[in-house]
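Below is one structure, written out as structure tokens, with a few remarks after it.
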Amino acid sequence: MNIKVNLEKNSYEVSVNELKKLEFKGKVAVVSNAKIAGLHLQSLLSRLKADEVFIITLKDGEQYKNLQSIEELLNQLFISKLDRKSTLIAFGGGVISDIVGFGASIYQRGIDFINIPTTLLAMVDAAVGGKTGVNNAFGKNLIGSFYQPRAVYCESEFLKTLPQRELSAGMAEFIKMAITFDEKKLEFIEKLDENAFFDKSLDDVIYAQIIFESVKLKADIVSKDEKENDLRMLLNYGHTFAHVIENQTQYKTFLHGEAVAIGINMANQLALKLGFLSEVECKKVEKLLHKFKLPTYYKIKDSNEFYEAFFLDKKSLNAKLHFILPQGLGRAVIKNDIKKELILEVLTDFTKGRA
Ligand code: NAD
Ligand code: GLY
């Protein structure tokens with residue numbers, strides 16, 4: 001199965017379960033971390049041919065998605081004397097693909113890279129679309145570039161070793177896209193058998209279907225709006241809240257996808273107050289998130305502090321808060337004129353603890 005990301009320049013294919021052989025003329029550096037390399041590197045290397053292959057392992061974790069890791073990566077590339085005809089392979093989750101993509105975009109003013117994602121989240125979202133970057137003290141993904149991979153290979157076999165929480169986190173990003181763009185995909189997700197989804201001993205056909213459906217949707221959005229001028233912004237649904245939650249918890253309490261799931265619920269509560277979503281629709285989404293064992297609640301300590309933290313997010317263009325809100329299921333809008341009092345009302349509801 002192949003899906004094309006159609007761009008003005010450098011269109012590319014995302015393949016699902018088609019990786020038989022990978023051949024390169026120049027040098028290749030496979031960039032991963034020790035955990036993923038221990039589990040799956042041999043399987044990848046058995047299919048890889050190049051003049052020379054280097055293995056670079058970075059530290060594992062969102063807390064290392066920073067400029068220090070970029071510098072480490074670049075140093076390794078210089079030590080291995082990679083040139084502009086070389087290729088980087090990002091072999092890992094979204095943290096690896098974001099770092100490697102950014103590294104590739106600045107190493108000698110840009111060299112080729114391909115993504116071979118190993119988490120569901122990276123397969124359904126992060127590895128496709130060319131958003132690359134790292135976090136810094138001011139917030140998440142604040143430093144980066146739009147830099148497209150030459151190809152993406154999603155292989156569901158790698159998901160067999162992925163812990164349950166990570167699988168769930170991947171579903172949060174797919175659910176996000178379905179709510180904002182495509183009610184039919186939402187129905188597809190609702191119909192998925194969660195027991196089959198969480199039972200990794202079964203055939204992994206279910207993952208291939210999920211990846212294919214999600215990538216089809218994302219590829220279409222990226223093809224229409226590569227640089228996030230309008231349409232692609234809707235993919236940030238839930239993220240305005242999620243980034244504050246991740247920052248406040250120092251990336252230690254929630255996985256990114258879990259924070260997105262909570263952010264989706266928070267955004268929906270705001271949409272409910274504005275009359276964009278009904279109570280029934282809000283509950284339906286919450287039920288779907290729970291079906292995939294995702295959290296939907298975070299106890300906010302101080303609603304004013306949480307509100308102020310929104311302004312560090314790069315989506316707060318010109319110091320104006322932008323919220324992506326569903327308008328019914330399968331459609332979303334960007335709102336930048338919501339009254340502070342209303343936002344605070346929603347945040348305050350999340351300070352009270354669960355009923
Ligand atoms: P991750 O990359 O941290 O991977 C999660 C964990 O799973 C890590 O410990 C990793 O070592 C481990 N792992 C990876 N593959 C494994 C496997 N096959 N078996 C066992 N363990 C494995 O997290 P993630 O959820 O993949 O990615 C989250 C990141 O992606 C965030 O930084 C987020 O900002 C970014 N992201 C980027 C985009 C984008 O468009 N660029 C979109 C969504 C998310
Ligand atoms: N993950 C959001 C985007 O790629 O635009």
Side-chain angles (χ1 to χ4, degrees), residues 5 31-41 43-44 57-66 69 90-102 105 115-135 139-149 152 154-174 176-177 180-181 200 204 207 214-215 217-219 221-222 224-239 242-243 246-247 251 254-261 263 314-315 324:
V5 182
V31 188
S32 193
N33 67 39
K35 190 199 287 175
I36 300 159
L39 292 165
H40 299 294
L41 187 62
S43 162
L44 175 63
T57 49
L58 300 175
K59 291 196 189 87
D60 186 10
E62 182 75 36
Q63 67 274 34
Y64 299 110
K65 195 176 116 174
N66 55 26
S69 293
F91 188 49
V95 166
I96 293 285
S97 52
D98 278 8
I99 293 176
V100 174
F102 184 47
S105 77
N115 277 327
I116 305 185
T118 61
T119 64
L120 184 60
L121 186 141
M123 293 183 196
V124 302
D125 189 357
V128 180
K131 268 195 192 176
T132 78
V134 294
N135 311 326
K140 206 169 145 59
N141 298 334
L142 292 181
I143 300 166
S145 57
F146 284 99
Y147 195 68
Q148 300 290 346
V152 182
C154 301
E155 296 296 300
S156 55
E157 66 175 75
F158 296 136
L159 300 177
K160 295 267 177 189
T161 56
L162 198 66
Q164 175 260 304
R165 274 182 74 195
E166 301 286 353
L167 275 177
S168 297
M171 282 311 285
E173 298 281 17
F174 186 19
K176 162 199 87 177
M177 285 189 254
T180 43
F181 282 96
K200 284 177 281 178
D204 49 358
Y207 299 137
S214 184
V215 170
L217 186 48
K218 177 140 191 201
I221 298 160
V222 173
K224 288 178 180 145
D225 177 25
E226 182 186 358
K227 299 273 169 73
E228 197 176 293
N229 290 314
D230 39 52
L231 194 67
R232 188 169 178 174
M233 276 187 189
L234 301 180
L235 289 182
N236 296 322
Y237 167 49
H239 284 62
H243 287 173
E246 286 181 282
N247 229 328
Y251 305 103
F254 300 105
L255 302 178
H256 174 68
E258 292 173 335
V260 168
K314 60 186 173 322
K315 285 174 274 304
I324 317 297

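Start at 1 and go down the list; that is how both ligands and their atoms are numbered. One is the number of the first residue; the rest follow in order along the sequence. The basis for the numbers below is simple: all heavy atoms, side chains too, and nothing from hydrogens, waters or symmetry mates.
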Item to check | Residues His40 and Thr161: side-chain donor-acceptor under 3.5 angstrom | outcome: yes

Item to check | Pair listing, salt bridge (Lys or Arg N to Asp or Glu O under 4.0 Å) test, anchored in residues 31-41, at least two apart | outcome: Lys35-Asp60

Checklist outcome for this item: The protein heavy atom nearest to atom 1 (N) of ligand 2 is Asp125 OD1, 3.2 Å

Item to check | First-shell residues of ligand 1 [heavy atom, distance under 4.0 Å] | outcome: Asn33, Lys35, Ile36, Leu39, His40, Asp60, Glu62, Lys65, Gly93, Gly94, Val95, Asp98, Thr118, Thr119, Leu121, Asp125, Ala126, Lys131, Lys140, Asn141, Phe158, Thr161, Leu162, Glu166, Glu173, Lys218, His256

Next on the checklist: Assess, by modelled atom type and distance only, whether the side chains of Ser43 and Glu157 contain a donor and an acceptor separated by less than 3.5 Å.
Outcome noted: yes

Checklist entry - Which is it for Lys218 and ligand 2 at heavy atoms under 4.0 Å: side chain, backbone, both or neither? => result side chain

Item to check | salt bridge (charged side-chain N to carboxylate O under 4.0 Å, His left out) partners of Asp125, counting only residues at least two apart | outcome: Lys176, Lys218

Checklist entry - Taking only residues two or more places apart in sequence, or in another chain, which ones meet Thr180 in a side-chain hydrogen bond (donor to acceptor under 3.5 Å, both in side chains)? => result none

Item to check | Carboxylate-amine/guanidinium proximity below 4.0 Å for Glu226 and Arg232 | outcome: no

Checklist entry - Strictly by modelled atom types, are Thr57 and Ser32 linked by a side-chain donor-acceptor pair under 3.5 Å? => result no

Next on the checklist: Does either side chain, that of Asn135 or that of Gln63, offer a donor lying less than 3.5 Å from an acceptor on the other one?
Outcome noted: no

Next on the checklist: Once you restrict to heavy atoms under 4.0 Å, what part of Val222 touches ligand 2? Side chain, backbone, both or neither.
Outcome noted: neither

Checklist outcome for this item: Ranked by distance from atom 5 (O) of ligand 2, the top protein heavy atom is Arg232 NE, 2.8 Å

